[in-house]
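Excluded from the calculations below are hydrogen atoms, water molecules and symmetry mates; all remaining heavy atoms, backbone and side chain alike, are included. All ligand and atom numbering here is 1-based and tracks the order in the structure.
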Amino acid sequence: MLSYRHSFHAGNHADVLKHTVQSLIIEALKEKEKPFLYLDTHAGAGRYLLSGEHAERTGEYLEGIARIWQQDDLPAELEPYMNAVRHFNRGEQLRYYPGSPLIARQLLREQDSLQLTELHPSDYPLLRQEFQKDSRARVERADGYQQLKAKLPPVSRRGLILIDPPYEIKTDYQAVVSGIQDGHKRFATGIYALWYPVVLRQQIKRMLRDLEETGIRNILQIELAVRPDSDQRGMTASGMIVINPPWKLEAQMNNLLPWLHSKLVPAGTGHTLIHQVVPE
Ligand code: SAM
């Protein structure tokens, strides 16, 4: 079952949080000359037209990237992310939203490499097309979770692994934990960044408990909620779980989250959270 298309959601508040964290981790990895691998298990199509039928139908980006696009008091922590978004939008108008693989493509250096997988029959060819001329990248139509066994550890022994499934099937909440466990066994020093939606809080509590029970250490949780938790349909918050976060990430997000929340949620509902789930 592959009914999820990210084009309906591209640039929403959850993407803003996810891609901000992604870009800060990449910038931290770039502090050393040594190359690293960027592994994106659920890569999506890569580029999203915000005036396209899908994005227009939901209008989610209007309450996401559109709310910070024109701000002139951007905190420094947002610069790498916003520079990547600007690269795909020459001029004032916000037309395209770059997904995680294109943000990585923009920020990575010559010596770094990208490994991208996407299963959807419509999104995979779009993604492959985006990277046709990029010799740093390998794009495959393959199962993202399998990559955590097949592609780790990277030759460079440095890397960011972004795990961003659609959670269309409930088993994704368990699959992400066993996937991380598989990856961590092979590559314990890698940085793993897992995105999650808060639809039912119980699912996230359980996922975190399962993750703690793996015995993996050094786990940071970053969350931004636009509404209080609810048992009604719909996502009220989203977050990132980062294993082996760069040492500056917690302080950076502490600086940034209140600003981001105030811009993304002018009504002031919801909350932000930075929580060390398991210490080093
Ligand atoms: N990471 C992208 C970004 O930030 O721009 C968005 C990814 S979207 C949330 C999830 C994607 O995972 C969808 O495009 C879906 O087709 C794909 N997908 C679903 N199951 C998959 C699997 N087992 N392996 C790889 N991709 C999968």
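- Residue Arg5 places no heavy atom under 4.0 Å from ligand 1.
- The protein non-hydrogen atom at the shortest distance from atom 4 (O) of ligand 1 is His19 NE2, 2.8 Å.
- Proximity of the aromatic rings of Tyr4 and His9 is defined here by a centroid distance below 6.0 angstrom, and this criterion is met.
- On a distance-only criterion, His42 and ligand 1 share at least one N/O pair closer than 3.5 Å.
- Looking at Leu2 against ligand 1, only its side chain comes within 4.0 Å, counting heavy atoms.
- Applying the salt bridge (charged side-chain N to carboxylate O under 4.0 Å, His left out) criterion to Glu31, with sequence neighbours excluded, gives Lys248.
- Residue Lys18 has at least one nitrogen or oxygen atom sitting less than 3.5 Å from a nitrogen or oxygen atom of ligand 1, judged on distance alone.
- Considering backbone and side-chain atoms together, Asp143 places an N or O closer than 3.5 Å to an N or O of ligand 1.
- Under the salt bridge (charged side-chain N to carboxylate O under 4.0 Å, His left out) criterion, Asp123 pairs with Arg5, not counting sequence neighbours.
- Within the structure, ligand 1 has Ala142 among the residues with a heavy atom less than 4.0 angstrom away.
- A salt bridge is defined here as a Lys NZ or Arg NE, NH1 or NH2 lying under 4.0 Å from an Asp or Glu carboxylate O, and Glu212 with Lys205 fails to meet this definition.
- Residue contacts with ligand 1, taken as heavy atom pairs separated by less than 4.0 Å, involve Ala43 solely via the backbone atoms N, CA, C and O.
- Between Asp15 and ligand 1, no N or O atom pair is found at a separation short of 3.5 Å.
- For Arg105 and Phe131, the positive end sits near the middle of the six-membered ring, less than 6.0 Å away and at most 45° from its axis.
- Distances between N or O atoms of Glu118 and those of ligand 1 include at least one value under 3.5 Å.
- Residue contacts with ligand 1 leave out Leu102, since none of its heavy atoms falls under 4.0 Å from the ligand.
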